[in-house]
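To keep things clear, I will list the structure first and then write my remarks on it.
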Amino acid sequence: MRKIDIFDTTLRDGEQSAGVNLNALEKLEIAKQLERLGVDIMEAGFPASSKGDFQAVKTIAETVKDSSVTGLARANKKDIDAAWDALKNSAEPRLHVFLATSPIHMTYKLKKTPDEVLESAVEAVKYAKQKFSIVQWSAEDATRSDKWFLVKIITEVIKAGASVINIPDTVGYRSPEEYGGIFAFLRENVPNIDKVKLSAHCHDDLGMAAANSLAAIEHGATQVEGAINGIGERAGNTALEEVAVALHIRNDHYQAQTRLKLNEIKKTSQLISKLTGMVVPGNKAVVGENAFAHESGIHQDGVLKEASTYEIITPELIGLSSNRLVLGKHSGRHAVKNKIEDLGFNLSEDKINEVFEAFKALTDKKKEVTDDDLFDILTEKQTETKDVEKYELKSVQLQYGTNNIQTATVAVTAPDGSYKEEAATGAGSVEAIYNTIERIVEQPLELVDYQIKSIGGGRDALAEVYVKAVYNGVESGGRGSAQDVLEASAKAYLNAVNRAVVNGSRTKQKVNL
Ligand code: KIV
Ligand code: ZN
């Protein structure tokens, strides 16, 4: 059985998804869950791109012990030095350095000749190797590169010290047969290829990322890169959960396995969806809401007689809980603490007290508190940044009538600590609230996207709202949950404003790939 290393880039390529801006605590929380999931390597960010990313990579590198932590760098000393400063205290300092090799990228983006690219790649790997014990080199846009140029440059970077070679299908262009063929070709023609691990990195522009990654495995790749829920640039990266479950279910065919704890998949998917605001489509393979739902009578009948008639994956395999209703008004701190641990969170006593208070407040409004409700409270408490001055919602009031113009009154505390209250009208209740908030924050604020979903079922379920908004020229995501949809909407909009303030300073320093 071949062992396939899982290289997770949710926090780097995944975070490059449009509108996703994770703060340092959110990144750390995701990193800890990826460690529990058992990823071999996690790419925590791109340290040279911003101070925020640098700090997040450093914190993760110093916290995570059971996965190897890496960071991205372009092929220059400044990026490599920044990555070293962020990663030097990790258990196994590992660098991911890349340079484009396709004629399109070399001519138009890098404005370099192939010889100059080869020289820069070799120089960067040699420099990195003086610091890092493991250096991975990626040929960006490898799949649109000249194959013989790939052979030449890969041969040289291996001589320079690279021990992992990544072949990205950067623009999601190749078919599985073609992509697998590139791995077969390189294995046949790069003389020193047996000295390195080959890695697959696919994007989903043509919906073939998972199939391409599996084809690469069939042709010799022993590392697969991707993101949970398939998030990432444009159409996203390979969904790692799909590859891992495919290798498990079709073990007879692939004869390969990963060390992922598959029963941590659902929890990881939920956490990432919640913190990034990227809702998982209901029909998404493995982690979608409907992945185990049998709707037609014939299918239901078959499953009741024998589950394997229509079910190749069991919900238990990915750790899908049946959302048992266990906690309520009379549950004590001890029961809540046990549940917190069951859900995989490791909190200080102070944090447990905070969560318990929020839990108690919820039981005043809601009879039964589900795992999902508690999960919501936990992620909010674990990831709220206390050191950032922000707008905080104090109250929302609404005058609503089917034949009236809706009027909202919103009160907040502002970043300077002052209390502010405003009122405004709108054609709908949410619009009235958002017009009021725009008055409060005194800067142009535009709503780009608004989504709402319920956490669990039942009439008293919590509402969770995700928005994308542009505040003062900076686009940012925001989320908010509450039992009332309008309160959740107000919280989400203010959250987007707060994040835009943080992201605004971050964006100014951000370096494009
Ligand atoms: O898709 C890509 O080519 C990348 C590189 C930075 C490895 O993400
Ligand atoms: Zn990529």
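Atoms within a ligand are numbered from 1 in the order they appear, just like the ligands themselves. Each residue takes its place number in the sequence, starting with 1.
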Check this for me: does any side-chain nitrogen of one of Glu289 and Lys284 sit under 4.0 Å from a carboxylate oxygen of the other? no

Heavy atom under 4.0 Å from ligand 1: found in Thr170's side chain, backbone, both, or neither? both

Note: Arg12, heavy atoms under 4.0 Å from ligand 1, region reported as side chain

With nothing but distance in play, are any N or O atoms of His201 less than 3.5 Å from an N or O of ligand 1? yes

Spell out, as yes or no, whether a donor-acceptor pair under 3.5 Å connects the side chain of Ser120 to the backbone of Glu116. yes

Sub-4.0 Å atoms of ligand 1 with respect to non-hydrogen atoms of Glu140: 3 (O)

Closer than 2.8 Å to the Zn ion (ligand 2), what protein N/O/S atoms do you find? Asp13 OD2, His201 NE2, His203 NE2

For a ring-ring contact (aromatic ring centres under 6.0 Å, His included) with Tyr493, tell me which candidate from Tyr434, Tyr450, Tyr471 qualifies. Tyr434

Against heavy atoms of Asp13, which atoms of ligand 1 measure under 4.0 Å? 8 (O)

Would you check if the distance from the ring center of Trp84 to the ring center of Tyr127 is below 6.0 Å? no

Interfacing atoms of ligand 1 (cut-off 4.0 Å, heavy-atom, His203): 1 (O)

If the threshold is 4.0 Å, N to carboxylate O, is there a salt bridge linking Lys58 and Asp85? no

Test item, His96 contacting ligand 1 (heavy atom, 4.0 angstrom): yes

Can you find an N or O of Ser138 that's nearer than 3.5 Å to an N or O of ligand 1? no

Worked verdict on Thr268 versus Ile30 for side-chain contact (heavy atoms from CB on, under 4.5 Å): CA-CA 8 Å; Thr268 316; Ile30 292 175; 6.0 Å; no

What is the minimum heavy-atom distance between Val465 and Ala492, and which atoms define it? O-CB, 3.5 Å

Shortest non-hydrogen pair, Val245 vs Ile265, comes out as CG2-CD1, 3.8 Å

Can a salt bridge be assigned to the pair Lys109 and Glu140 using a cut-off of 4.0 Å between side-chain N and carboxylate O? yes

How about His219 and Phe185: are their ring centres within less than 6.0 Å of each other? no

